[in-house]
Amino acid sequence: MTVVVDVDTPGGRYPIHIGAGRLDMLDASVPADATSIVVVTNPTVGALYAERALAALQRTGKRVLRIDLPDGEVYKDWQTLNLIFDGLLENRCDRRALLVALGGGVIGDMVGFSASVYMRGVRFLQVPTTLLAQVDSSVGGKTAVNHPLGKNMIGAFHQPVAVEIDTGVLRTLPDREISAGLAEVIKYGLILDSEFWNWCEANACALRALQPEAVSHAIRRSCELKAQVVGKDERESGLRAILNLGHTFGHAIESGMGYGEWLHGEAVGCGMVQAAELSARVTGFPAADVQRVRALVAGIGCPVVAPDLGDDRWLALMQVDKKTEGGEIKFVLMPRIGEACTRTAPEAAVRDVLRHTVA
Ligand code: NAD
Ligand code: GLY
């Protein structure tokens, strides 16, 4: 059975199709006037799923090409992006080419960004193959590469023509990647939906074990909540910033430790514990709920103790955040479970959180 969640933004309306076996139906999402289809993947995902994806796309009768990028967050950079442009230009791909992002969030972000600038913009299809990409990065049109001085600092908003989520591909994901994806799932409950948060607490084991009904519900609810937010604020002029809960701390962990050392979802999970601690000091978030956040982040298999980067370095790294304005760091905080706001915080409170959350 396929579930459909619609996304409606000024930059584009498109469906998210969720179901087992969607990989074999990708031809249905190819615009009729596309001149060629370029699947961008990496050797890990390509070895598992490219054959099925290419076979489905070849049914359109159009020219289908494949470009492989090296696998890893460390390659989410300007240099690797050029491999996509090289492949597109060498094959004379024109403005009606359709790019297909077959992979996790790294592939999705890079393919989306290249689609936003190739010939001033071409269309692309998201085929997310990690849980994190299925519940978050493939939806909403944020695309980017990292800069050595800051995570996701170079990018654009560019919406896909559709998102094709095949829940069957999650079976080959390493456990650590499942845990990282679940961090983004519980994030939606914490910022937007206390009932969903309670459901995640009750179903953490089923989710980690990839129990099909639990996983389908988690993906669907996450996509619905994300679609609601980006439908109201595509370009993050306000509300959308709450989707960055845990990211100010998390991005500092990722760039401070070196990209790829901590998985993005692991850093966000730990960052949510730190944001809960900061909320307790700034918005009066109840201490008992801080413990619930810590317990669920640990329960889904993510770290809850942050690395020791040195307090001054922590603060400097957190300054390099797209929410920082005039040098002031804006944090996503919760007054209670199911609600979020963006606020500045006294430096003393941030330092106190670091004292209580860093190894
Ligand atoms: P990833 O893309 O690096 O994928 C994780 C690993 O799993 C990779 O080695 C990949 O090759 C492998 N893999 C992918 N699918 C697989 C499968 N089905 N079976 C086996 N292995 C598989 O990491 P990710 O967690 O998917 O994405 C993280 C990235 O997403 C970060 O760069 C982050 O900044 C970005 N992100 C973007 C947004 C957004 O809104 N654009 C939101 C959240 C995260
Ligand atoms: N992952 C944050 C956002 O899409 O806005």
Side-chain angles (χ1 to χ4, degrees), residues 7 9 23 40-50 52-53 68-77 80 101-113 116 126-146 150-153 155-160 163 165-185 187-188 191 210 222-223 225-227 229-230 232-248 250-251 254-255 259-260 262-269 302 322-323 332:
V7 185
T9 70
L23 207 53
V40 184
T41 187
N42 68 36
T44 313
V45 179
L48 292 163
Y49 301 113
R52 277 173 62 196
D68 273 54
L69 306 182
D71 184 6
E73 183 76 36
V74 74
Y75 296 108
K76 188 179 159 181
D77 60 10
T80 310
L102 177 67
V106 168
I107 289 287
D109 279 13
M110 293 185 76
V111 175
F113 185 41
S116 77
Q126 284 276 20
V127 188
T129 60
T130 62
L131 181 59
L132 183 137
Q134 295 186 346
V135 299
D136 191 356
S137 63
S138 63
V139 176
K142 274 192 184 175
T143 75
V145 292
N146 299 328
K151 170 94 180 142
N152 290 335
M153 279 294 153
F157 289 96
H158 190 54
Q159 302 293 343
V163 182
I165 297 179
D166 188 333
T167 51
V169 303
L170 299 178
R171 276 194 298 271
T172 52
L173 262 190
D175 288 347
R176 199 176 155 201
E177 301 288 350
I178 300 289
S179 295
L182 288 174
E184 301 280 13
V185 170
K187 175 191 79 178
Y188 293 110
I191 56 175
L210 289 183
S222 299
C223 288
L225 289 166
K226 182 147 189 190
V229 172
V230 300
K232 289 182 188 147
D233 178 21
E234 181 189 23
R235 292 192 166 234
E236 201 168 304
S237 43
L239 175 71
R240 185 168 179 168
I242 65 170
L243 296 176
N244 291 320
L245 173 67
H247 286 58
T248 308
H251 282 172
E254 284 188 271
S255 53
Y259 296 127
W262 279 51
L263 301 182
H264 174 73
E266 291 174 334
V268 168
C302 283
K322 290 185 284 312
K323 292 187 295 302
V332 181

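Read the numbers this way: they start at 1 and go in the same order the structure lists the ligands and their atoms.
At a heavy-atom cutoff of 4.0 Å, ligand 1 is contacted by the side chain of Leu48 but not by its backbone. By the criterion of a heavy-atom distance under 4.0 Å, the side chain of Asp109, and not its backbone, is placed next to ligand 1. Of all the heavy atoms of Lys226, the ones lying under 4.0 Å from any atom of ligand 1 belong exclusively to the side chain. Counting heavy atoms closer than 4.0 Å to ligand 2, residue Asn244 contributes side-chain atoms (C-beta onward) but none from N, CA, C or O. Looking at Asp136 against ligand 2, only its side chain comes within 4.0 Å, counting heavy atoms.
Distances between N or O atoms of Tyr49 and those of ligand 1 include no value under 3.5 Å. For Asn42, a nitrogen or oxygen atom sits less than 3.5 Å from a nitrogen or oxygen atom of ligand 1, counting backbone and side chain alike. Considering both main-chain and side-chain atoms, Val169 comes within under 3.5 Å of ligand 1 through a nitrogen or oxygen pair. Geometrically, ligand 1 and Gly105 share a nitrogen or oxygen pair separated by less than 3.5 Å. Taking any N or O of Lys142, backbone or side chain, at least one lies under 3.5 Å from an N or O belonging to ligand 1. Note: an N/O pair closer than 3.5 Å links Thr129 and ligand 1 by distance alone.
Scanning all protein heavy atoms for the shortest distance to atom 28 (C) of ligand 1 gives Leu132 CD2, 3.9 Å. When only non-hydrogen protein atoms are considered, atom 19 (N) of ligand 1 lies nearest to Thr172 OG1, 2.7 Å. Nearest protein neighbour of atom 1 (P) of ligand 1, counting heavy atoms only, is Val106 CG2, 3.9 Å. Of the protein's heavy atoms, Lys151 NZ, 2.9 Å lies nearest to atom 34 (O) of ligand 1. Protein heavy atom in closest approach to atom 38 (C) of ligand 1: Ser137 CB, 3.2 Å. Nearest to atom 16 (C) of ligand 1 among the protein's heavy atoms is Leu173 CD2, 3.5 Å. The protein heavy-atom contact nearest to atom 4 (O) of ligand 2 is Lys226 NZ, 2.6 Å. The protein heavy atom nearest to atom 8 (C) of ligand 1 is Asp71 OD1, 3.3 Å. Here the protein heavy atom with the shortest distance to atom 13 (N) of ligand 1 is Val45 CG2, 3.7 Å.
Partner Tyr49 forms a side-chain hydrogen bond (donor to acceptor under 3.5 Å, both in side chains) with one of Thr129, Asp166, Thr172, Thr44 and no other, that one being Thr172. Shown are Lys142, Lys76, Lys322; of these, the side-chain hydrogen bond (donor to acceptor under 3.5 Å, both in side chains) with Asn152 is made only by Lys76. For the side-chain contact (heavy atoms from CB on, under 4.5 Å) with Leu102, the qualifying choice from Ile107, Val169, Val45, Asn42 is Val45, the only one to do so.
The aromatic rings of His264 and His251 sit tilted relative to each other, their planes meeting at an angle between 30° and 60°.
Pro128 is listed as a side-chain neighbour of Val163, based on a closest heavy-atom distance under 4.5 Å. A 4.5 Å side-chain heavy-atom check between His247 and Val332 finds every atom pair outside the cut-off. In this structure the side chain of Thr9 never reaches within 4.5 angstrom of the side chain of Arg235, judged on heavy atoms. Side-chain contact between Phe113 and Val145 is present, with heavy atoms from C-beta onward closer than 4.5 Å. The shortest side-chain heavy-atom distance between Leu131 and Glu177 does not fall under the 4.5 Å cut-off. Two residues are said to be in side-chain contact when any heavy atoms from C-beta on lie closer than 4.5 Å; Asp68 and Thr41 meet this criterion.
Residue Asn152 approaches ligand 1 through these ligand atoms, each under 4.0 Å from one of its heavy atoms: 34 (O). Listed by atom number, the atoms of ligand 2 under 4.0 Å from Lys142 heavy atoms are 2 (C), 3 (C), 4 (O), 5 (O). Remark: ligand 1 atoms within the under-4.0 Å shell around heavy atoms of Asp136 are 42 (C), 43 (C). Listed by number with element, the atoms of ligand 1 under 4.0 Å from a non-hydrogen atom of Lys76 are 31 (C), 32 (O), 33 (C), 34 (O), 35 (C).
The closest donor-acceptor contact from the side chain of Glu254 to the backbone of Leu263 lies at 3.5 Å or more, if one exists at all.
Using 4.0 Å as the threshold, Glu184 has no heavy atom nearer than that to any atom of ligand 2.
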Q) Can you list the steps and then say if Asn244 with Glu236 is a side-chain hydrogen bond (donor to acceptor under 3.5 Å, both in side chains)? A) CA-CA 10 Å; Asn244 291 320; Glu236 201 168 304; 3.2 Å; yes
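Among Val145, Leu263, Leu170, Thr130, the residue whose heavy atom lies nearest to atom 26 (O) of ligand 1 is Thr130.
With rounding to the nearest 0.5 Å, the separation of CD in Gln134 from OG in Ser222 is 10.5 Å. For the atom pair CG (Leu132) and CD1 (Ile178), the distance works out to 10.5 Å, reported to the nearest 0.5 Å.
When all heavy atoms of Ala183 and Cys302 are compared, the closest pair comes out as CB-SG, 4.1 Å.
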